[in-house]
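Small disclaimer: the values here were computed from a predicted structure and weren't measured. By convention in this document, chain letters (A, B, ...) are assigned in the order of the sequence lines, proteins followed by strands, and residues within each chain are numbered from 1.
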Protein chains: 2
Amino acid sequence: MAVTIKDVAARAGVNASTVSRVLKDSSEISDKTKAKVRKAIDELGYRRNAAAGILASGKTNTIGVVFPPVVGKSNQPFFMQILTAINAEAQKSQVSIAIATGHETEEVERQVRLLHQEKRVDGFIVLYAGASDSVRDYMMEENIPFVLVGTPSESDSKLSCIDNDNHLMGRRAVQYLTGLGHERIAFVSNTRRGEVFKQRYRGFADEMDFRELKQRLIIFDEEELFGDETALVVLDDALGIKVIEVFIRAGKTVPKDVSVITFNNSIFSTLLHPQLTTFDINIIQLGAAAVQQFLSLSNKDEEKADEQKIIIPFELIERESARKL
Amino acid sequence: MAVTIKDVAARAGVNASTVSRVLKDSSEISDKTKAKVRKAIDELGYRRNAAAGILASGKTNTIGVVFPPVVGKSNQPFFMQILTAINAEAQKSQVSIAIATGHETEEVERQVRLLHQEKRVDGFIVLYAGASDSVRDYMMEENIPFVLVGTPSESDSKLSCIDNDNHLMGRRAVQYLTGLGHERIAFVSNTRRGEVFKQRYRGFADEMDFRELKQRLIIFDEEELFGDETALVVLDDALGIKVIEVFIRAGKTVPKDVSVITFNNSIFSTLLHPQLTTFDINIIQLGAAAVQQFLSLSNKDEEKADEQKIIIPFELIERESARKL
DNA sequence: CTGAAAGCGCTTACAG
DNA sequence: CTGAAAGCGCTTACAG
């Protein structure tokens, strides 16, 4: 019923195998034949049948994107954005996206297994990087190519990671604030766990030490927010908004009484005033690089796998929440 | 290399076609044979090859999920949540999800075309419902089964829609506030467009009229927020937060000076204090119903298509932003 | 540079 | 209730 490669072949007066070669723009085919075949393709409105191609070639040309379990986390905007970025980049190379989501690890793992076992994907892009993760273990055991967005702590050097340099971001935050004249600076977090926290805080602490400045870590909702600090480095935008709210309720003003700088440049950063001065983590590049890395990884001989860590640049977005002392 | 249906057949001592029938639990096969075949399947760790099944059957068992262009909109959390809900429900019926996203309509449309033409999907779930939409037009022309989450205004009765009753939600907001003793109530929006706004506002206005109360529409950022109102019905949570911020900055208190009720129960609703009293729109059910509706639609004879509108119940979540006058 | 043929791993009438 | 066979629409050695 639908137009097949045979119809095109008949119309162009060639063999089906020739049409197939033209479709992948094989250099073996003469330009004349290519033109002839392409004409037939256009006239007939031919489209390749994805399933047939996959079955015959054994290549799915689709990447499974794995979301963290418990998507209820407040940092959701990130995931939709990176999914969009990944999909956009994948389109460029004619590859498709499948997804694995779920509320529990078991559910996600089940989906990952299914995608792989039913041969629906060539491999995965994993959108989280917990210290240890059964999904990742499975992929390593099965020798499935995959790429991580983030950096797990036990940085198994064999992993292929795409990430920002969170440590450097922490340092830069301090550098920016000291450049504004601040010296009494604290780091505010609502958690003591997670690589993102550890690295950003570590960077903050290292830079403060380097400048011989006294540094303090404040755990939000557990410890007193008010001290003698004139500036705060806050783990992310959503927390930044909360921190500022506390100050406002206490009759203080940001950035007049205290400057605040945060990370991520998410939708939270422009929700309220003062709008947040924050580091943009470049989600689009993060997604694009993940796809590119995956593609080069899976096209390579299994052996030559030169896994590596790819660092995506960040950028400080100066808005309203931080200013000269 | 991988285990195929033939391997299973050989081991179980039956024909491949029998294995295929057992896989879909055909009632034609005897229980004894089924047991035998299933044993072989387990022992061999067999998994069906998705592409082969799709090619042979012509059914992809996958649904394309279409996101609105310009995902940069602030209401993003909704999309990740409904994607998760859709995926969860789809899993139950062994169907997969493909996605179409993009920054412009053309890009989204291109992807939709591709998914359909390459026979990667059986149809679509469209996550938006603009008044007129070229993507939707394409699907209608091509007679592709699809389901809408939302309700387009020119409510072409032939469409299959899943939605909350936004008009009723608008009325309920008024009923709740009047129940709390409020009579001077305004509706706050940051737009005059979109079905969601129109229906929620319409419901608000109708109920106010019904109660012979004077009603007012305030467009945020264009018109003065402060009036003699004691309560505000706000289009969505994100706007609710902004509205409250304006009051706080003016030295007023919510809900002491003014009660606020919003819609969606998104992550914004519990971000700050006062936490928002808001209508939960039940995204999980929205997603599940969309999948179920799609499945019943596409399994049905093309003719008998009994498209319909499915209404998902909402629920008022009472938190801190509204109280007795 | 192009063709003929086998094959990818299923499904599904058709027989019996 | 089960089997044998054809076929889904491609890809890709193998020849020439």
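- Here the P atom of nucleotide dG7(D) and the CG atom of L55(A) are 17 Å apart, to the nearest Å.
- Residues T151(A) and E195(A) share a closest heavy-atom pair of O-CG, 3.1 Å.
- Of all nucleotides listed (dT11(C), dC10(D), dG3(C)), dG3(C) comes nearest to the side chain of T18(A).
- An OP1 or OP2 oxygen of dC8(C) is reached within less than 4.0 angstrom by no side-chain nitrogen or oxygen of K59(A).
- Ion pairing between a basic and an acidic side chain is recognised when a charged N comes within 4.0 Å of a carboxylate O; D31(A) and R38(A) show no such pairing.
- No contact: V19(B) has no heavy atom under 4.0 Å from any strand.
- Within the 4.0 angstrom heavy-atom criterion, only backbone atoms of the sugar-phosphate kind lie near S57(B); the bases stay farther away.
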Look for any protein N or O under 3.5 Å of an N or O in nucleotides 13-16 of chain D and output each such pair with its distance, or none.
residue	atom	partner	partner atom	Å
dA13(D)	N6	R21(A)	NH2	2.5

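- Remark: R48(B) does not engage E118(A) in a salt bridge, criterion side-chain N to carboxylate O under 4.0 Å.
- Here the side chains of D133(B) and P152(B) are not in contact, with every heavy-atom distance at 4.5 Å or above.
- A 4.5 Å side-chain heavy-atom check between L295(B) and S93(B) finds at least one atom pair inside the cut-off.
- Heavy-atom distances to DNA chain D give each of G13(B) and R48(A) a nearest nucleotide, and the one nearer the 5′ end belongs to G13(B).
- For the pair N61(A) (side chain) and V95(A) (backbone), a donor-acceptor distance under 3.5 Å is absent.
- Between K6(A) atom NZ and dG3(C) atom C1' there is a gap of 14 Å when expressed in whole angstrom units.
- Counting any heavy atom pair closer than 4.0 Å across all strands shown, T4(A) reaches sugar-phosphate atoms only and no base atom.
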Which is it for R120(A) and S96(B) under the side-chain hydrogen bond (donor to acceptor under 3.5 Å, both in side chains) test, yes or no, and what are the steps along the way? CA-CA 10 Å; R120(A) 287 179 184 273; S96(B) 300; 3.3 Å; yes

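- In DNA chain D, the stems built from three or more successive Watson-Crick or G-U pairs (distances below 3.5 Å) are C:1-3 with D:14-16, C:5-12 with D:5-12, C:14-16 with D:1-3.
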With side-chain hydrogen bond (donor to acceptor under 3.5 Å, both in side chains) as the test, would you mind laying out the steps for D122(B) and S298(B) before giving the verdict? CA-CA 8 Å; D122(B) 295 327; S298(B) 64; 5.9 Å; no

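- At whole-Å resolution of the value, CG in N15(A) and P in dG3(C) are 5 Å apart.
- Listed by residue number, the members of residues 113-122 of chain B with any heavy atom below 4.0 angstrom from DNA chain D form an empty set.
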Carefully, step by step, assess E106(B) and R110(B) under the rule salt bridge (Lys or Arg N to Asp or Glu O under 4.0 Å). CA-CA 6 Å; E106(B) 294 69 37; R110(B) 211 177 57 71; over 6 Å; no

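- Residue I97(A) comes nearest to A90(A) through the heavy atom pair CD1-CB, 3.9 Å, listed as atom of the first residue, atom of the second, then distance.
- Take Y46(A) and apply the ring-ring contact (aromatic ring centres under 6.0 Å, His included) test, not counting sequence neighbours, and it matches no residue.
- Whole-Å rounding puts the I5(B) CD1 to dA4(D) P distance at 14 Å.
- Side-chain nitrogen and oxygen atoms of K24(B) include at least one within less than 4.0 Å of the OP1 or OP2 phosphate oxygen of dT11(C).
- Contacts between residues 29-47 of chain A and DNA chain D, defined by a heavy-atom separation under 4.0 Å, are made by Y46(A), R47(A).
- The shortest side-chain heavy-atom distance between I5(B) and L23(B) falls under the 4.5 Å cut-off.
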Residue pair T33(A), S30(A): steps toward the side-chain hydrogen bond (donor to acceptor under 3.5 Å, both in side chains) verdict: CA-CA 5 Å; T33(A) 304; S30(A) 74; 2.9 Å; yes

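- The separation between L23(A) atom CG and dG9(D) atom C1' is 12 Å, rounded to whole Å.
- Here the P atom of nucleotide dC10(C) and the CG atom of N49(A) are 17 Å apart, to the nearest Å.
- In terms of the side chain to side chain contact (heavy atoms under 4.5 Å, CB included) criterion, E141(A) has no residue partners (sequence neighbours excluded).
- A straight line from CD1 of I54(A) to C1' of dG9(D) spans 12 Å, rounded to a whole angstrom.
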